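Structure first, then comments.
Quick caveat, the model's predicted, so the values are computed rather than measured.
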Amino acid sequence: PERLLPPVGAQPAYVRPIAKSAIRPKIVVIIDDMGIDRKASERALTLPGPLTFSFLPYARGVDEFAAAARAAGGEVMLHLPMEPEGAEDPGPHALSSAMTGSDFVRALDWNLARFDGYVGVNNHMGSKLTADIAAMKTLLGYLDHKGVFFLDSVTTSDTAVRSAARELGVKVFARDVFLDAEAGSEDAVRTQLALAERIARETGYAVAIGHPRKETLDVLGPWLTTAPARGFDLVYASDLKSMQGGAGGQAVAAAPALRL
C-alpha cells in the first residue's frame with residue numbers, strides 16, 4: 001500500500017471525539033485487497049473473527065467471494081480504487097481527479113455495483129484523490145445517500161476527507177495502523193499489532209488494516225486467538241458507528257503522536 005507520510009504542523013489529520021472509559025478496548029481489523037490473490041484471500045477467511053474484509057471490485061468473481069466471506073461470519077466492505085500520487089496503478093475504473101463530474105459518478109457506480117452486502121467503503125491507494133476536497137465531497141455525499149459509510153485508509157497526510165465530511169455533516173472513520181506496510185516482515189506485523197493495542201488501550205479502540213499476505217496471516221491468526229484474553233474486544237468496522245461520539249462530520253482515528 002502507499003505509505004502514510006508523517007503529519008506536519010500542529011493540526012492533526014484526525015481527532016478522536018470520545019473519552020476513555022472502563023469498557024474493554026476494542027480493535028477493528030480490516031483485511032484489504034481481498035479477491036485478487038484467491039488462495040491468500042481464502043486463507044484469510046479462515047482466520048478467527050470478528051474480521052472485516054474489503055474486496056477490490058474488479059476481482060474475478062467478487063460477488064460470489066464476498067458472499068462467501070459473509071457466510072463465513074465476516075463483515076464485507078468495498079475497497080474502492082482511487083488515483084494515487086506517482087505511477088502506481090490502482091486498477092481499472094479507478095476514481096480520478098481528472099474525471100468530469102459525470103465520468104466520476106459513472107466510475108463510482110460501476111464499482112459500487114460489482115457486488116452487494118458491503119457496509120462501507122475504504123480507499124485503495126488514493127493519495128492524490130483523497131487530498132481533493134471537491135472529489136471527496138462528491139464521494140461522501142454519494143455514499144451517504146446510498147447508506148454506506150466511508151473509512152479513510154489514510155494514504156496521505158494531506159487527506160481532505162475530514163474537511164469534506166465536516167462541510168457535509170456526515171460521519172467518517174479512518175485507519176490507525178497499517179499492519180504490513182513493510183512487506184515480508186513478520187516482526188514488523190508484530191510491532192504494528194502492538195501499536196494497535198497501545199492505541200486501543202489509550203483511546204478506547206483502534207482500527208488496523210492489513211493484507212492477505214503470508215507473513216501477515218501467519219502472525220495475525222495467533223494474535224486474534226489470544227487478543228480477548230489480553231483484554232481486547234475484536235469488533236467489526238461497522239461497530240465504529242456506535243462507538244463514535246461528537247457531532248456530524250467528526251472523523252475517528254488515533255492521535256498522530258501515537259503512530260510510528
Side-chain angles (χ1 to χ4, degrees), residues 4 7-21 23 26 28 30 52 54 57 75-83 94-97 99-109 111-113 116-176 199 203-207 209 235-256:
L4 172 65
V8 294
Q11 177 63 39
Y14 291 92
V15 295
R16 189 179 285 272
I18 64 172
K20 297 180 187 178
S21 73
I23 298 173
K26 296 173 172 54
V28 175
I30 300 170
T52 300
S54 196
E75 181 173 75
V76 169
M77 292 179 62
L78 188 148
H79 200 28
L80 185 63
M82 296 187 191
E83 179 186 16
L95 303 184
S96 166
S97 57
M99 289 176 166
T100 64
S102 59
D103 286 343
F104 189 95
V105 172
R106 188 175 300 113
L108 180 55
D109 277 337
N111 284 285
L112 296 180
D116 57 20
Y118 50 88
V119 298
V121 170
N122 71 318
N123 51 297
H124 173 58
M125 301 191 186
S127 55
K128 183 173 183 178
L129 193 71
T130 56
D132 184 329
I133 192 168
M136 290 302 97
K137 287 171 69 175
T138 298
L139 173 65
L140 296 181
Y142 202 85
L143 294 179
D144 186 58
H145 177 72
K146 295 285 189 181
V148 296
F149 64 83
F150 184 74
L151 188 146
D152 188 358
S153 299
V154 195
T155 54
T156 175
S157 60
D158 294 326
T159 176
V161 170
R162 173 188 170 191
S163 296
R166 282 182 167 173
E167 290 191 26
L168 295 175
V170 301
K171 293 182 179 180
V172 295
F173 310 99
R175 70 99 189 143
D176 295 307
I199 292 170
T203 68
Y205 60 92
V207 179
I209 291 180
V235 297
Y236 295 118
S238 62
D239 290 318
L240 290 168
K241 294 186 290 185
S242 63
M243 289 189 279
Q244 186 177 13
Q250 295 285 341
V252 179

Are the side chain of [X] and the backbone N or O of [Y] linked by a donor-acceptor pair below 3.5 Å?
X      : Y      : result
Thr159 : Thr156 : no
Glu83  : Ser97  : yes
Tyr118 : Leu112 : yes
Asn123 : Gly126 : no

Handout entry: side chain to side chain contact (heavy atoms under 4.5 Å, CB included) between Val235 and Met243, worked out
Key = CA-CA 11 Å; Val235 297; Met243 289 189 279; 4.1 Å; yes

Considering only heavy atoms from C-beta outward, does the side chain of [X] approach that of [Y] to under 4.5 Å?
X      : Y      : answer
Phe150 : Val161 : yes
Val154 : Asp176 : no
Asp239 : Val28  : no

Problem - Audit row: Asp152, Val172, side chain to side chain contact (heavy atoms under 4.5 Å, CB included) steps and yes/no - result: CA-CA 7 Å; Asp152 188 358; Val172 295; over 6 Å; no

For the residue pair [X] and [Y], what are the closest heavy atoms and their distance?
X      : Y      : answer
Ala206 : Ile199 : CB-CG2, 3.9 Å
Ile209 : Ser153 : CD1-OG, 4.1 Å
Pro57  : Leu78  : CG-CD2, 4.2 Å
Ala107 : Met99  : CB-CE, 3.8 Å
Ala237 : Met77  : CB-SD, 3.9 Å
Asn122 : Leu151 : CB-O, 3.0 Å

Ignoring hydrogens and angles, write down the donor-acceptor pairs under 3.5 Å from the side chains of residues 136-144, residues two or more places apart or on other chains.
unit_1, atom_1, unit_2, atom_2, d
Lys137, NZ, Glu167, OE1, 2.9
Thr138, OG1, Ala134, O, 3.2
Tyr142, OH, Asp109, OD1, 2.4
Tyr142, OH, Asp109, OD2, 3.1

Practice task
Could you pull out all residues at least two apart from Tyr236 that satisfy ring-ring contact (aromatic ring centres under 6.0 Å, His included)?
Solution key: none

Problem - All side-chain contact (heavy atoms from CB on, under 4.5 Å) counterparts of Ser163, not counting sequence neighbours - result: Ile133

Fill in the blank from the handout: Sequence neighbours excluded, the answer for side-chain contact (heavy atoms from CB on, under 4.5 Å) partners of Ala131 is Asp158

Residues in side-chain hydrogen bond (donor to acceptor under 3.5 Å, both in side chains) with [X], at least two apart?
X      : value
Ser102 : Thr100
Thr52  : Glu75
Asn111 : none

Practice task
Kindly write out the residues that satisfy salt bridge (Lys or Arg N to Asp or Glu O under 4.0 Å) with Asp116, not counting sequence neighbours, or none if the list is empty.
Solution key: Arg70

